[in-house]
Amino acid sequence: MPVGVSVDTSAPDGALLVLAQDGESEAREELARRVRRRAYPLALQLMGNAEEARDVVQDAMLRFFRHLDRIDAGRPLEPWLYQIVRNRVRDLKRRQYVRRQESLEALRERGRPETVDPRADPAADAARHELQARVWRALAELSEPHREILVLRDYQDLSYREIAGVLKIPQGTVMSRLHAARSRLREVLVEEHRTGDRAGQEPEE
């Protein structure tokens, strides 16, 4: 076990992983922070509930470190981690019934993490947050396969090859499913917009 190793917190994942596999506690702590920071947004996007997302992350981290020695330090960490998170999400959904309205409320309250632009004006911020809320509500309406593939591609920015590895499907299926998911998302957004317009119309006297 390395003794007195000073871990560079800006080091690449692979370098940290090698040190963690050798038993360096500081490297394990930094790796745990990175795993938690990356796993939580995905778990929240797939579960739609903050408390259950934290449960998923806890289970995923335990599994991640239980199999730490099996991880290839020469490969990107995210696909392996996201596959664990996805499996934990599915396990939790099998054990618990998640009510849709609670999920939507959690999404609206939490929101997607984003960088704050100090130059943005309040009106633009309000419009952006409203659009964000609409997209999150629409995502919750999609089937699980469509929601998963959109989150992995458009929110987690995985390549087609990485998504294929996470979902264990051919790359051709990734592309066709992604196209179908985006089409369905547009349909849901358009329908929500139409419904909102009808609800906002004043009744005729």
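Heavy atoms only: backbone and side chains are in, while hydrogens, waters and symmetry mates are out.
Between Val57 and Leu42, the closest side-chain pair of non-hydrogen atoms is not below 4.5 Å. Side-chain atoms of Leu185 and Leu142, non-hydrogen and from C-beta on, do get closer than 4.5 Å to each other. Counting only heavy atoms from C-beta outward, the side chains of Gln45 and Arg147 never approach each other to under 4.5 Å. Counting only heavy atoms from C-beta outward, the side chains of Phe64 and Ile71 approach each other to under 4.5 Å. Put simply, the side chain of Leu167 does not reach to within 4.5 Å of the side chain of Thr173, judged on heavy atoms. Contact check for Glu78 versus Gln156: no side-chain heavy atoms found under the 4.5 Å cut-off. A heavy-atom distance below 4.5 Å is not found between the side chains of Val166 and Trp80. Counting heavy atoms from C-beta on, the side chains of Glu26 and Leu19 never come closer than 4.5 Å.
The two atoms that bring Leu189 and Ala138 nearest to each other are CD2-CB, 3.7 Å, heavy atoms only. Contact between Arg34 and Pro12 at its shortest, heavy atoms only, is NH1-C, 3.7 Å. Between Val174 and Ile149, the shortest heavy-atom distance links the atoms O-CD1, 3.4 Å. Minimum interatomic distance between Ala73 and Val18 (heavy atoms only, all atoms of both residues): CB-CG2, 3.7 Å. For Arg153 against Ser159, the heavy-atom pair with the smallest separation is NH1-CA, 3.8 Å. Of all non-hydrogen atoms in Ala27 and Ala20, the two that sit nearest each other are CB-N, 3.8 Å.
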Checklist line | Check against side-chain contact (heavy atoms from CB on, under 4.5 Å), Arg63 and Gln58 | finding: CA-CA 9 Å; Arg63 185 174 179 83; Gln58 183 66 23; over 6 Å; no
Margin query: Please determine whether side-chain contact (heavy atoms from CB on, under 4.5 Å) holds for the pair Asp13 and Arg38, giving the CA-CA distance in whole Å, both sets of side-chain angles, and the decisive distance to 0.1 Å.
Written below: CA-CA 12 Å; Asp13 291 342; Arg38 297 173 191 176; 2.6 Å; yes
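Taking the charged nitrogens against the carboxylate oxygens, Arg54 and Glu51 have no contact shorter than 4.0 Å, which rules out a salt bridge. Salt bridge annotation for Asp55-Arg88: absent, with no cationic side-chain nitrogen under 4.0 angstrom from a carboxylate oxygen. Salt bridge Asp91/Arg86: absent, no basic N to carboxylate O contact under 4.0 Å.
The number of heavy-atom neighbours closer than 6.0 Å to CZ of Arg37, taken from other residues, nucleotides and ligands shown, is above 12.
Once rounded to the nearest 0.5 Å, the distance linking CD of Glu29 with CG of Leu16 reads 11.5 Å. Atom-to-atom distance recorded for Leu17:CG and Glu24:CD is 13.5 Å, nearest 0.5 angstrom. Here the CG atom belonging to Leu158 is positioned 6.5 Å from the OH atom belonging to Tyr82, to the nearest 0.5 angstrom. Separating the CZ atom in Arg177 from the CG atom in Leu150 is a distance of 11.0 Å, to the nearest 0.5 Å. The distance from the CG atom of Leu92 to the CG atom of Asp59 is 7.5 Å, given to the nearest 0.5 Å. Here NE2 of His146 is found 10.5 Å from NE2 of His179. Values are rounded to the nearest 0.5 Å.
Residues Leu77 and Leu68 are members of one and the same hydrophobic cluster, defined by side-chain heavy-atom contacts under 4.5 angstrom among Ile, Leu, Val, Met, Phe, Trp and Tyr. Put simply, Tyr155 and Tyr40 are part of the same group of oily side chains (I, L, V, M, F, W, Y) that touch within less than 4.5 Å, one to the next.
Each of Glu191, Arg184, Arg186 was evaluated against Val188; a single residue qualifies, Arg184, per the side-chain contact (heavy atoms from CB on, under 4.5 Å) test.
Proximity of a side-chain donor or acceptor of Glu148 to a complementary backbone N or O of Pro145 within less than 3.5 Å is not detected.
Seen from the ring of Phe65, Arg28 does not count as a face-on cation partner, given the 6.0 Å and 45° thresholds.
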